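Read through the structure below, which is laid out as structure tokens, and then see the notes.
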Amino acid sequence: MMKRITMMALMAAWAMLPVLAQETGERKDSVKQDSIYCGIPYTYPSFPGGQEAMLQFLKENLLWPDVEADVQGRVIVTFVVETDGSLTDLKVVRGLDPAFDKEALRIVKSMPKWIPGTQNGQPIRVRYSVPVTFKLE
């Protein structure tokens, strides 16, 4: 009985193979411009000047929120890098404190346009996350 079920499952998978291969081939050839790409893009979006430039931008522009508590930590902001490099759909996915979350969103919103990610030579929309660290020195 078990061998029969296994054999039937293998036959069903083999019969669907051309359909799956066809679907994969269609995805490779075309990139939908209005959808957010969730796989591994050919090139990831990047801040103009690279990671070091982004860290310098954060360091120079980050304002410590006016709160009385001794709060330190990291706020993670996620956003979509659009095909033109603009940032949309900004959200705090891991917060610290409402005042710090607000400052993290403000600084990410103030970033210049990014270099968009690409797939098959075409710019694509990619979801990206940036940690904004608040640390007392």
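The structure displayed is predicted, hence computed values, not measured ones. Residue numbers start at 1 and run along the sequence shown.
To the nearest 0.5 Å, atoms CG (L90) and CZ (R106) are separated by 12.5 Å. How far CD of E82 is from CG of D89: 8.5 Å, rounded to the nearest 0.5 Å. Rounded to the nearest 0.5 Å, atoms CD1 (I107) and CG (N61) are 5.0 Å apart. One distance of note links CG of D101 with CD1 of I76; it measures 11.0 Å at 0.5 Å rounding. Rounded to the nearest 0.5 Å, atoms NZ (K91) and CZ (R127) are 5.5 Å apart.
Connection of L96 to V67 is established within a shared hydrophobic cluster, with ILVMFWY side chains joined at heavy-atom distances below 4.5 Å, either directly or through further cluster members. Residues V71 and V75 share a hydrophobic cluster, clusters being chains of Ile/Leu/Val/Met/Phe/Trp/Tyr side chains in contact below 4.5 Å. Note on I115 and V130: separate hydrophobic clusters, where clusters join Ile, Leu, Val, Met, Phe, Trp and Tyr whose side-chain heavy atoms are under 4.5 Å apart, directly or indirectly.
The nearest pair of heavy atoms linking T78 to V93 is CG2-CG1, 3.2 Å. The nearest pair of heavy atoms linking V77 to A104 is CG2-CB, 3.9 Å. Taking all atoms of both residues into account, the shortest heavy-atom contact from V81 to P116 is CG1-CA, 4.1 Å.
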Checklist entry - Can you check side chain to side chain contact (heavy atoms under 4.5 Å, CB included) on M111 and M54, steps first, answer last? => result CA-CA 9 Å; M111 287 181 170; M54 181 174 63; 3.9 Å; yes

Next on the checklist: Using side chain to side chain contact (heavy atoms under 4.5 Å, CB included), reason through L105 and V92 one step at a time and then give a plain yes or no.
Outcome noted: CA-CA 7 Å; L105 280 173; V92 172; 3.7 Å; yes

Item to check | CA sep, side-chain torsions, deciding dist, call: E60, Q56, side-chain hydrogen bond (donor to acceptor under 3.5 Å, both in side chains) | outcome: CA-CA 6 Å; E60 291 174 358; Q56 189 65 32; 2.8 Å; yes

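S86 contributes no side-chain N or O that, together with a main-chain N or O of K113, makes up a donor-acceptor pair within less than 3.5 Å. Judged by distance alone, with hydrogens and angles left aside, the side-chain atoms of T83 form no donor-acceptor pair with the main-chain N or O of P123 at under 3.5 Å. Checked by atom type and distance alone, the side chain of Q72 pairs as donor or acceptor with a backbone atom of L136 at under 3.5 Å. Listed for the D97 side chain is a donor-acceptor partner under 3.5 Å among the backbone atoms of A99.
Contact check for E103 versus L62: side-chain heavy atoms found under the 4.5 Å cut-off.
Remark: F57 pairs with F47 by the ring pair (Phe, Tyr, Trp, His ring centres under 6.0 Å) rule, at least two apart or across chains.
Taking the six-membered ring for Trp and the full ring otherwise, Y44 and W114 have centroids separated by 6.0 Å or more.
Surrounding CG of D84 are more than 12 heavy atoms belonging to other residues, nucleotides or ligands, all under 6.0 Å away.
Using a 30° and 60° split on the angle between ring planes, F100 and W64 fall in the perpendicular class, above 60°.
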